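Just below is one structure, and these are the notes that go with it.
Because the structure is a prediction, the values reported are computed rather than measured.
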Amino acid sequence: MSIQVKIFASLRERLGSDGMELPVDGIATVADVWARVAPDQPLAGSVLMAVNMDYAQADQPVVDGDEVAFFPPVTGGTA
Amino acid sequence: MSIQVKIFASLRERLGSDGMELPVDGIATVADVWARVAPDQPLAGSVLMAVNMDYAQADQPVVDGDEVAFFPPVTGGTA
Amino acid sequence: MTVRITAEPFDPYAELAGYTPRGEANRIGAAATFIGFMRDLNEGDDITTMELEHYPGMTEKALEKLRDEAVKRWELADALIVHRVGKLSPTDPIVLVAAWSGHRVAALEACRFLIEELKTRAPFWKKEQLGDRERWVEHNTPG
Amino acid sequence: MTVRITAEPFDPYAELAGYTPRGEANRIGAAATFIGFMRDLNEGDDITTMELEHYPGMTEKALEKLRDEAVKRWELADALIVHRVGKLSPTDPIVLVAAWSGHRVAALEACRFLIEELKTRAPFWKKEQLGDRERWVEHNTPG
């Protein structure tokens with residue numbers, strides 16, 4: 001089984017990936033997912049995270065089958 | 001010459017008149033106009049006044065040719 | 001920069017769709033609008049119809065002043081006020097105000113200012129019909 | 001109680017005209033709406049086009065949550081959110097929010113809440129094209 005990872009917007013361009021499927025082995029939290037996605041980069045405070053389409057923090061537990069997303073600050077709406 | 005008087009809404013119904021033309025003689029202020037319109041009634045604080053379509057106070061001077069209006073609190077717009 | 005008083009029913013969305021705000025369209029980032037409708041209930045009583053009286057001439061003057069104040073204070077691109085008079089039925093639109101601006105906060109605040117000030121400054125008076133009796137609305141609701 | 005994300009241009013007034021708010025129409029006294037448009041200027045630079053990215057699934061979920069919060073907090077009759085995604089040109093409507101209520105203050109406050117919260121909570125990202133270069137919008141303007 002696995003974790004589905006999604007990456008959006010400027011973060012996707014910076015990391016050069018829009019996501020991946022990761023084996024769940026050794027992954028307990030959102031921070032663990034980030035360590036696999038970008039092993040050479042600390043998880044910056046400006047990166048937003050979601051688990052199963054709800055906002056989450058880095059220490060939130062992740063289990064088999066979860067969808068984990070990383071993205072920059074949102075800029076919808078209008079001027 | 002003369003003063004044109006207009007009366008609106010519930011005040012019109014209460015006074016039984018929608019206005020009149022008054023000779024200017026002896027009229028110096030809005031209060032003087034009211035005294036001719038309703039000689040038996042004090043000018044209540046709830047009565048709004050206008051001179052030439054701008055809100056006015058009771059002591060505002062009135063001159064020949066002016067339009068003076070009396071009306072109750074306004075209730076336009078919505079719930 | 002329009003102020004319109006109408007004795008005929010009006011469609012607020014058609015009104016807005018047919019209106020071209022002043023200023024450069026490319027620089028308008030926000031439009032805030034408010035529409036008031038006649039309800040069939042006021043102060044706990046069933047209302048069948050309503051009559052809206054105004055002071056022709058002064059009402060227009062008061063609304064234009066209000067609009068000019070809002071446009072100046074919030075540096076709006078444009079503002080619009082449409083107000084119904086005469087005999088109304090429940091669900092009829094009573095009033096439409098709209099504010100166009102470069103930025104959202106100006107449009108939102110100006111829109112709210114327009115409807116709040118209109119209620120206290122523009123000479124309109126409501127008379128409600130309740131079955132076979134009628135009454136003047138004595139004061140506006142606080143909110 | 002609609003939330004809609006569209007990759008096609010939309011007409012906010014047609015959207016509103018074609019929408020029947022929930023609840024008894026006779027009891028709706030107020031509708032407050034906000035429309036955001038794309039401007040050809042941002043942070044002093046000329047913008048030619050813009051691309052709006054979203055997170056399919058989560059964006060809808062976030063908007064529905066926001067709408068439900070507003071409806072509950074202000075006891076609204078109904079609320080509507082429409083948001084554009086994809087490639088936009090200046091003057092294109094980006095977002096429409098609307099709140100229907102018995103009374104004006106609830107509608108006005110809920111409308112403002114919806115647009116302010118949407119900007120901070122809904123996963124949308126803007127990329128601006130400036131002639132031959134492009135840039136991601138890093139943060140929203142304060143007002």
Side-chain angles (χ1 to χ4, degrees), chain A residues 1-22 27 29-31 33-34 36-38 41-79, chain D residues 5 12 34-43 47 50-66 81-85 88 90-97 112 114-128 134-143:
Chain A
M1 296 291 281
S2 61
I3 306 292
Q4 198 65 44
V5 180
K6 295 194 169 185
I7 309 168
F8 293 94
S10 58
L11 192 62
R12 179 189 65 238
E13 292 187 356
R14 187 156 67 79
L15 298 178
S17 166
D18 66 356
M20 64 211 69
E21 207 172 321
L22 291 177
I27 290 180
T29 65
V30 172
V33 177
W34 178 262
R36 303 289 170 93
V37 168
Q41 295 182 41
L43 180 48
S46 63
V47 173
L48 300 179
M49 297 153 272
V51 174
N52 299 328
M53 302 184 175
D54 282 317
Y55 283 103
Q57 299 299 319
D59 61 357
Q60 180 161 325
V62 168
V63 298
D64 193 23
D66 278 353
E67 176 172 303
V68 178
F70 299 98
F71 45 81
V74 304
T75 56
T78 183
Chain D
I5 291 167
F34 178 86
I35 304 160
F37 301 94
M38 185 188 156
R39 306 198 314 152
D40 69 357
L41 182 81
N42 193 25
E43 298 181 9
I47 313 299
M50 187 169 80
E51 266 182 86
L52 250 163
E53 183 175 335
H54 76 303
Y55 179 174
M58 180 167 171
T59 307
E60 290 83 348
K61 197 175 174 179
L63 294 179
E64 283 162 11
K65 210 167 169 180
L66 198 58
I81 304 174
V82 181
H83 205 293
R84 179 82 181 277
V85 292
L88 280 78
T91 78
D92 278 3
I94 302 172
V95 61
L96 162 68
V97 303
R112 185 160 184 170
L114 285 169
I115 186 63
E116 294 295 341
E117 292 293 303
L118 182 153
K119 286 177 72 82
T120 58
R121 289 164 51 181
F124 291 105
W125 303 277
K126 287 184 185 132
K127 188 186 224 174
E128 295 172 338
E134 55 180 24
R135 68 179 177 202
W136 288 98
V137 177
E138 293 296 331
H139 49 79
N140 262 322
T141 51

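Residue with the most contacts toward chain A among D/K65, D/E51, D/E60, D/H83: D/H83 (heavy-atom pairs, distance under 4.5 Å).
Contact detail for A/V30 and A/V62: the closest heavy-atom pair is N-CG2, 3.6 Å. The shortest heavy-atom contact between D/P93 and D/I35 is CB-CG2, 4.4 Å. Heavy-atom minimum distance, D/P90 versus D/R39: CB-C, 4.5 Å.
Here the side chains of A/I7 and A/M20 are in contact, with some heavy-atom distance below 4.5 Å. No side-chain heavy atom of D/K127 sits less than 4.5 Å from a side-chain heavy atom of D/E53. In this structure, the side chains of D/P123 and A/Y55 come closer than 4.5 Å at one or more pairs of heavy atoms. A 4.5 Å side-chain heavy-atom check between D/M38 and D/I47 finds at least one atom pair inside the cut-off. Between A/T75 and D/W136, the closest side-chain pair of non-hydrogen atoms is not below 4.5 Å. For the pair A/Q60 and A/D66, the minimum side-chain heavy-atom distance is 4.5 Å or more.
Ring planes of A/F8 and D/W125: parallel class, angle under 30° (limits at 30 and 60°).
Among residues 10-18 of chain A, the residues having any heavy atom closer than 4.5 Å to a heavy atom of chain D are, in sequence order, A/S10, A/R12, A/E13. Listed in order of number, the residues of residues 42-52 of chain A that approach chain D to under 4.5 Å between heavy atoms are A/A50, A/N52.
Only the backbone of D/T120 comes within less than 4.5 Å of a heavy atom of chain A; no side-chain atom from C-beta onward does.
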